[in-house]
Participant: 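This structure is in structure tokens; I'll ask about it shortly.
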Number of protein chains: 2
Amino acid sequence: MQVSLQALKAFESAARRGSFKLAAEELSLTPTAVSHHISNLESRLNVNLFHRQTRQIILTETGRILAKATTEGFRKIDNALAEVKTAGSVVRVTTTSSFAAMLLIPALQEFSQAYPNIAVEVATGEAVDNQPYIIPIRYGDATSVAPGDIISHELFDVFGARGMKPPCWSAEPVTLFTTEWKNAALPAPPLAAWLAANGLDGANIVLKKFDQELFGIQQAMTENSLVFCSTTLTKRLLNANLLQQFGTSPVKSDLCYYVPDKPSFDSRNTHTFLNWIAGLLHG
Amino acid sequence: MQVSLQALKAFESAARRGSFKLAAEELSLTPTAVSHHISNLESRLNVNLFHRQTRQIILTETGRILAKATTEGFRKIDNALAEVKTAGSVVRVTTTSSFAAMLLIPALQEFSQAYPNIAVEVATGEAVDNQPYIIPIRYGDATSVAPGDIISHELFDVFGARGMKPPCWSAEPVTLFTTEWKNAALPAPPLAAWLAANGLDGANIVLKKFDQELFGIQQAMTENSLVFCSTTLTKRLLNANLLQQFGTSPVKSDLCYYVPDKPSFDSRNTHTFLNWIAGLLHG
DNA sequence: CACTATAGATGACTAAAACTCATCTGTTAA
DNA sequence: TTAACAGATGAGTTTTAGTCATCTATAGTG
């Protein structure tokens with residue numbers, strides 16, 4: 001002797017719209033179905049929910065009480081469903097402007113070809129959208145990040161603009177763009193380690209610093225000079241032959257891309273997306 | 001591509017109980033049905049709601065959001081349903097202690113024989129239960145009550161204990177119990193009108209006053225004396241031959257029994273009950 | 001004042017879910 | 001190593017929800 005949820009849904013709609021006909025339209029049913037539902041409900045509950053007048057139904061006192069509760073209850077559920085459905089169809093990401101501009105956004109086209117049903121929205125900047133579901137891809141210190149959250153450890157190397165002739169590391173002064181993060185807590189680019197690994201002393205290197213890797217890379221490209229930066233950001237430019245390398249060896253850094261609390265991003269599309277990102281960074 | 005409410009119900013239960021098996025028990029289903037519902041839900045929403053481990057399911061972040069909303073939403077609806085179901089099976093009344101004790105409660109047995117499926121609960125006293133659904137049967141001034149709310153207009157007359165010999169209105173002093181309401185706004189019992197209607201001057205009547213009609217009636221019965229009170233309260237005692245009349249004529253009063261906002265008490269059982277009460281008072 | 005149009009009620013029938021059963025998987029605990 | 005257990009999966013069945021045809025009552029309309 002349980003009431004059916006469909007019947008309650010029909011009742012809620014009829015109560016809200018004030019008509020079985022309109023409720024039927026709203027629910028894509030026939031008015032007959034709504035009528036059946038409501039009389040079923042009334043006989044199961046043993047109360048009248050509507051006063052029937054010709055071409056007009058009016059909620060009874062009891063009906064009003066039930067209508068209020070069902071409207072509120074279903075609204076709560078519907079809102080959550082809408083939220084969850086969104087989570088199922090769009091992936092939202094925030095990340096640094098360098099990563100977004102140089103890798104993520106350019107590569108997104110490939111993602112949508114591979115997964116046409118998943119929309120991706122990218123936001124950059126400090127807009128601390130603590131909305132649920134938004135995935136923050138951060139650039140940080142690998143030694144202070146949970147290992148499971150890390151997507152990739154960063155390698156650093158020197159790159160030069162297309163067509164440059166290889167730099168002469170021991171003669172005249174060489175200009176090298178590098179990055180000095182605004183956020184002092186971030187590990188600095190491992191330039192000393194790179195010099196050591198490549199057997200250089202760096203005595204004739206003139207450093208010029210930007211606060212975002214992106215700017216240094218762009219500057220190097222337009223000024224036909226060199227930049228010391230992470231290998232992931234330059235991957236696409238190398239492939240496109242807009243940057244070149246000079247046989248130097250990359251060095252590991254303490255920097256990494258990571259997603260805080262990564263295992264909690266567990267919806268299907270989020271998972272797909274994060275796997276794809278990992279491939280993008282490692283492949 | 002709509003999600004089904006049954007599936008949501010199954011999910012809500014599984015989320016709350018932390019197990020498909022327990023949810024199945026709660027909903028009187030097989031675990032298979034719950035499993036089907038949830039995988040259906042997951043594929044329609046395109047999200048994972050549970051992490052499946054062996055013999056253990058754990059809500060995903062998304063699942064937690066949906067679980068919270070569905071639990072709250074369904075609880076709201078269920079509470080209202082319980083309330084409405086109650087309204088369908090039990091009728092609650094408050095009224096004066098005199099009316100309850102002398103007419104309503106004694107007659108209730110007949111009501112439950114006629115309508116075995118309707119339970120009636122009677123409360124008396126000032127406990128201003130403004131709960132929904134409680135029917136207040138009040139005793140008041142007919143001239144200041146909406147006509148549609150009135151159940152019956154009261155007639156007043158003099159009654160005596162069983163076996164008394166008829167009083168002699170003109171000789172020795174006659175003791176007459178009557179009522180003086182605590183609430184001064186109530187019309188007084190129409191004693192003057194009754195005396196006039198019965199051609200008496202009342203010169204030798206000694207009045208004794210109680211603040212409830214019930215007390216005067218009881219006193220008259222135990223002391224073998226007379227009481228001036230409403231005819232409805234004495235109806236049963238007359239039938240049972242515990243009280244008698246002496247050929248006097250009853251007079252109308254401004255007092256009535258009424259239910260504030262009576263037309264709003266429109267559930268089936270309430271209606272049945274109020275009709276029965278009306279019959280009780282008029283018949 | 002009849003006539004038509006309209007909202008809903010009713011009952012028989014059908015389509016579509018919801019549910020179960022039998023079987024299978026992976027893991028835990030004995 | 002095996003029994004036991006929670007859940008997954010697929011096919012088949014039952015129940016429910018929905019439709020169609022028909023009917024009622026009445027509010028507008030000419």
Side-chain angles (χ1 to χ4, degrees), chain A residues 1-60 62-63 66-67 70 74 77 81 266 268 271, chain B residues 1-60 63 66-67 70 74 77 81 266 268:
Chain A
M1 205 46 162
Q2 269 285 79
V3 306
S4 105
L5 285 165
Q6 331 277 344
L8 282 172
K9 193 90 187 152
F11 165 72
E12 189 277 331
S13 179
R16 186 161 32 75
R17 309 291 301 271
S19 146
F20 290 7
K21 188 171 179 283
L22 294 179
E25 273 170 28
E26 180 171 301
L27 302 170
S28 307
L29 294 177
T30 56
T32 306
V34 176
S35 173
H36 279 308
H37 270 314
I38 286 169
S39 58
N40 178 321
L41 205 52
E42 287 181 319
S43 67
R44 278 177 203 266
L45 294 173
N46 198 33
V47 294
N48 294 326
L49 296 169
F50 292 104
H51 294 294
R52 267 78 160 182
Q53 297 175 359
T54 14
R55 278 182 241 196
Q56 171 159 241
I57 53 172
I58 298 168
L59 279 171
T60 63
T62 307
L66 189 60
T70 48
F74 283 130
I77 293 170
L81 275 178
D266 47 22
R268 298 183 174 180
H271 208 77
Chain B
M1 204 47 161
Q2 270 283 80
V3 307
S4 104
L5 285 166
Q6 331 276 343
L8 283 172
K9 192 91 188 152
F11 165 72
E12 189 278 329
S13 179
R16 185 160 34 75
R17 309 291 302 271
S19 146
F20 290 6
K21 188 170 179 283
L22 294 179
E25 273 170 28
E26 180 172 299
L27 301 171
S28 307
L29 293 178
T30 56
T32 306
V34 175
S35 172
H36 279 306
H37 269 314
I38 286 169
S39 59
N40 177 320
L41 206 52
E42 288 181 319
S43 68
R44 278 177 203 265
L45 294 174
N46 198 34
V47 294
N48 293 327
L49 297 169
F50 291 103
H51 294 294
R52 266 79 159 181
Q53 297 176 0
T54 15
R55 281 183 237 192
Q56 170 159 242
I57 52 172
I58 297 168
L59 279 170
T60 61
L66 189 60
T70 48
F74 283 130
I77 292 170
L81 275 177
D266 46 23
R268 298 182 176 181

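In this text the structure is predicted, and so the values were computed from the model without any measurement.
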Participant: Provide the full list of ring-ring contact (aromatic ring centres under 6.0 Å, His included) pairs with a residue in residues 17-52 of chain B, sequence neighbours left out, each pair given once.
Facilitator: B:Phe11-B:Phe50, B:Phe20-B:Phe50
Participant: Which residues pass the side-chain contact (heavy atoms from CB on, under 4.5 Å) test with A:Ser39, not counting sequence neighbours?
Facilitator: none
Participant: For B:Arg55, give me all partners under side chain to side chain donor-acceptor pair (under 3.5 Å), at least two apart in sequence or on another chain.
Facilitator: none
Participant: Could you tell me which residues satisfy side chain to side chain donor-acceptor pair (under 3.5 Å) with B:Gln6, sequence neighbours excluded, listed by chain and number?
Facilitator: none
Participant: Separation of B:Leu49 atom CG from D:dA8 atom P, in whole Å?
Facilitator: 12 Å
Participant: Considering residues at least two apart in sequence or located in another chain, which fulfil the side chain to side chain donor-acceptor pair (under 3.5 Å) criterion with B:Lys21?
Facilitator: none
Participant: Nearest-Å distance, CD1 (A:Ile38) to C1' (C:dT10)?
Facilitator: 15 Å
Participant: How far does OG1 of A:Thr70 sit from CD1 of A:Ile77, to the nearest 0.5 angstrom?
Facilitator: 10.5 Å
Participant: Just jot down the side chain to side chain donor-acceptor pair (under 3.5 Å) partners of B:Glu25, sequence neighbours excluded, or say none.
Facilitator: none
Participant: Measure from CD1 on A:Ile58 to P on C:dA7 and round the result to the nearest Å.
Facilitator: 16 Å
Participant: Identify the pairs formed between an N or O of the protein and an N or O of nucleotides 13-19 of chain D at a distance under 3.5 Å, and give each distance.
Facilitator:
from, atom 1, to, atom 2, distance (Å)
D:dA17, OP1, A:Ser4, OG, 3.1
D:dG18, OP2, A:His37, NE2, 2.3
D:dT19, OP2, A:Thr30, N, 2.8
D:dT19, OP2, A:Thr30, OG1, 2.6
D:dT19, O4, A:His36, NE2, 3.2

Participant: Do nucleotides 24-30 of chain C as a string where each nucleotide becomes B, S or -: B if the base has a protein heavy atom under 4.0 Å, S if just the sugar-phosphate does, - if no protein is that close.
Facilitator: --BBB--
Participant: Taking five pairs at each end of the helix from C:dC1-D:dG30 to C:dA30-D:dT1, what angle separates the two helix axes (nearest 10°)?
Facilitator: 30°
Participant: Pick out which of B:Leu59, B:Thr60, B:Leu8 makes a side-chain contact (heavy atoms from CB on, under 4.5 Å) with B:Leu66.
Facilitator: B:Leu8
Participant: From CD of A:Gln53 over to P of C:dA9, roughly how many Å is that when rounded to an integer?
Facilitator: 13 Å
Participant: If you look at every heavy atom in A:Arg44 and A:Val3, which pair is closest and at what distance?
Facilitator: CD-CA, 4.0 Å
Participant: Of the residues in residues 16-25 of chain A, which ones touch DNA chain C at a heavy-atom distance under 4.0 Å?
Facilitator: A:Ser19, A:Phe20, A:Lys21
Participant: Could you report the tightest heavy-atom contact between A:Ala14 and A:Ile57, atom names first, then the distance?
Facilitator: O-CD1, 4.4 Å
Participant: For residues 32-41 of chain B, which residue pairs pass the salt bridge (charged side-chain N to carboxylate O under 4.0 Å, His left out) check, not counting sequence neighbours?
Facilitator: none
Participant: Could I get the full list of side-chain contact (heavy atoms from CB on, under 4.5 Å) partners for B:Glu42, not counting sequence neighbours?
Facilitator: A:Arg268, B:Ile38, B:Asn48, B:Leu49, B:Arg52
Participant: Whole Å only: how far is the CG atom of B:Leu41 from the P atom of C:dA18?
Facilitator: 11 Å
Participant: C:dA18 C1' sits how many Å from A:Gln2 CD, rounded?
Facilitator: 15 Å
Participant: Roughly how far apart are A:Ser4 OG and A:Leu41 CG, rounded to 0.5 Å?
Facilitator: 7.5 Å
Participant: Is there a side-chain polar atom (N or O) of B:Arg52 under 4.0 Å from OP1 or OP2 of D:dA6?
Facilitator: no
